[in-house]
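Structure record follows, encoded as structure tokens.
Every chain is numbered from 1 and lettered A, B, ... according to where its sequence line falls, protein lines coming before strand lines.
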2 protein chains.
Amino acid sequence: MREEKFRRTPQRLAIMKFLEGNSSHPSAEEVYFGLKRQFPTLSLATVYHTLEALERMGKIVEINVDSTKKRYDPAVGAHHHLICIRCKKIIDLPEKFHPVLNEEERKGFRILRSQVEFYGLCPQCQSRRSPAQKN
Amino acid sequence: MREEKFRRTPQRLAIMKFLEGNSSHPSAEEVYFGLKRQFPTLSLATVYHTLEALERMGKIVEINVDSTKKRYDPAVGAHHHLICIRCKKIIDLPEKFHPVLNEEERKGFRILRSQVEFYGLCPQCQSRRSPAQKN
DNA sequence: GTTACTGCAAAGCTTTTGCATCCCT
DNA sequence: AGGGATGCAAAAGCTTTGCAGTAAC
């Protein structure tokens, strides 16, 4: 139950600033390349360590949508997602639905949060024959 | 738009039988070890190839919940999930909610399906101090 | 007889880890 | 001064791919 120590190093401040208000749901690699220019010594290992720490502190949440890589969302409040199954673009939707399970449906689980996900094709991917981007 | 050729080999029939009605949402490795005993020559590569083919044919769907590995669901119809954030157990819930987005909320997407996910702790993980299982 | 499938090994990616050095507090 | 953080390289997982042999159709 001990509080976590968290040093505000230049790298971490840069990562936090990069994520703040960022709605692109970036992966670790995207955070890394997004900061690499202004921060040439930054290492991917540090990005991974920092993302993990921020997640433990509840500042960001991991999103499981792209099975090839983890993505992170700085919006930790309840909201929903609109996901393109092709390019893996993720768009935030305001919390509009509040699904609830009754006692029986809960199967003994302690529910912590719920989320609605809409899967489909974004405008760009609807009018595109070419193979999906790697994103 | 050409039809996919699909040969019904013994390996594939075994994998399909293993998945049929299976609600454990297995990973490729779980399918592999689940059949390895009765099918000693089966290879993991074949399991991966077959799962990919079954997915292309719409017989199974990939579930993105466990960020460390892909998992598959033979229930392709609309339904929801109850997910333990600790042991990554996934329980199917009947389709009870039918969230819909209006024109404006759709942001130009063509919606194909939606899904509600409930995250929480399963009965076993509520009463357990030890670190989460690898599942 | 074709051609898709199998299985092995190797390669590819993302993520994690060991460790010496560094530097925030 | 002390302990957490950094960054490099190596390792670990999961998944994909190349290829020769095999078998379904």
Assign A:Ser27 to base, sugar-phosphate, or nothing according to its heavy-atom contacts below 4.0 angstrom with the strands shown.
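Touches nothing.
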
May I ask you to verify if any side-chain N or O of [X] is less than 4.0 angstrom from the OP1 or OP2 atom of [N]?
X: A:Arg12; N: D:dT6; result: yes
X: B:Lys70; N: D:dT16; result: yes
X: A:Tyr48; N: C:dT15; result: yes

Check the distance between [N]'s [atom2] and [X]'s [atom1] and give it to me in whole angstrom.
X: B:Lys36; N: C:dT6; atom1: NZ; atom2: P; value: 14 Å
X: B:Tyr72; N: D:dT15; atom1: OH; atom2: P; value: 7 Å
X: B:His49; N: C:dT3; atom1: NE2; atom2: C1'; value: 15 Å
X: B:Glu52; N: C:dA4; atom1: CD; atom2: P; value: 15 Å
X: B:Arg56; N: C:dC5; atom1: CZ; atom2: C1'; value: 12 Å
X: A:Leu42; N: C:dC23; atom1: CG; atom2: C1'; value: 16 Å
X: B:Leu44; N: D:dT16; atom1: CG; atom2: P; value: 10 Å
X: A:Glu29; N: C:dG12; atom1: CD; atom2: C1'; value: 13 Å

Are more than 12 heavy atoms, taken from residues, nucleotides or ligands other than A:Lys59, located less than 6.0 Å from that residue's NZ atom?
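No, NZ of A:Lys59 has 12 or fewer neighbouring heavy atoms, counting only those of other groups under 6.0 Å.
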
Which nucleotide wins on minimum distance to the side chain of [X], given the candidates [options]?
X: A:Thr46; options: D:dG7, C:dT15, C:dA9; answer: D:dG7
X: A:Ser43; options: C:dT15, C:dG7, D:dC8; answer: D:dC8
X: B:Gln11; options: C:dT6, D:dG7, C:dT15; answer: C:dT6
X: A:Lys69; options: C:dT6, C:dT15, D:dG7; answer: C:dT15
X: B:Lys5; options: C:dA4, C:dG7, D:dT6; answer: C:dA4

Side chain to side chain contact (heavy atoms under 4.5 Å, CB included) between A:Tyr32 and A:Lys36: does it pass, once the steps are laid out?
CA-CA 6 Å; A:Tyr32 175 67; A:Lys36 188 67 179 170; 3.2 Å; yes

First of B:Ala45 and A:Phe6 reached from the 5' end of DNA chain C, by closest nucleotide:
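Per heavy-atom nearest nucleotide, the more 5' residue is B:Ala45.
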
Say whether A:His25 and A:Asp66, considering side chains only, have a donor N or O and an acceptor N or O under 3.5 Å apart.
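Side-chain D/A pair, A:His25 to A:Asp66: absent.
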
Side-chain donor-acceptor contact under 3.5 Å, A:Glu62 with B:Ser67
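The answer is yes; a qualifying pair exists.
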
How long is the span from the CD atom in B:Gln115 to the CD1 atom in B:Ile63, to the nearest 0.5 Å?
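B:Gln115 CD to B:Ile63 CD1: 7.5 Å, rounded to 0.5 Å.
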
Roughly how far, to the nearest 0.5 Å, is CZ of B:Phe109 from CD of A:Gln124?
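If we round to the nearest 0.5 Å, A:Gln124:CD and B:Phe109:CZ are 8.0 Å apart.
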
Do B:Phe118 and A:Leu93 land in one hydrophobic cluster if side-chain heavy atoms of ILVMFWY residues count as linked below 4.5 Å?
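They do share one cluster, since a chain of ILVMFWY contacts under 4.5 Å joins B:Phe118 to A:Leu93.
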
Under 4.0 Å between a Lys/Arg side-chain N and an Asp/Glu carboxylate O for A:Arg106 and A:Glu103?
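Yes, A:Arg106 and A:Glu103 are salt-bridged.
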
Taking only nitrogen or oxygen atoms into account, show me every contact under 3.5 Å that the protein makes with nucleotides 20-24 of chain D, one pair per line with its distance.
from, atom 1, to, atom 2, distance (Å)
D:dA24, N3, B:Arg7, NH1, 3.3

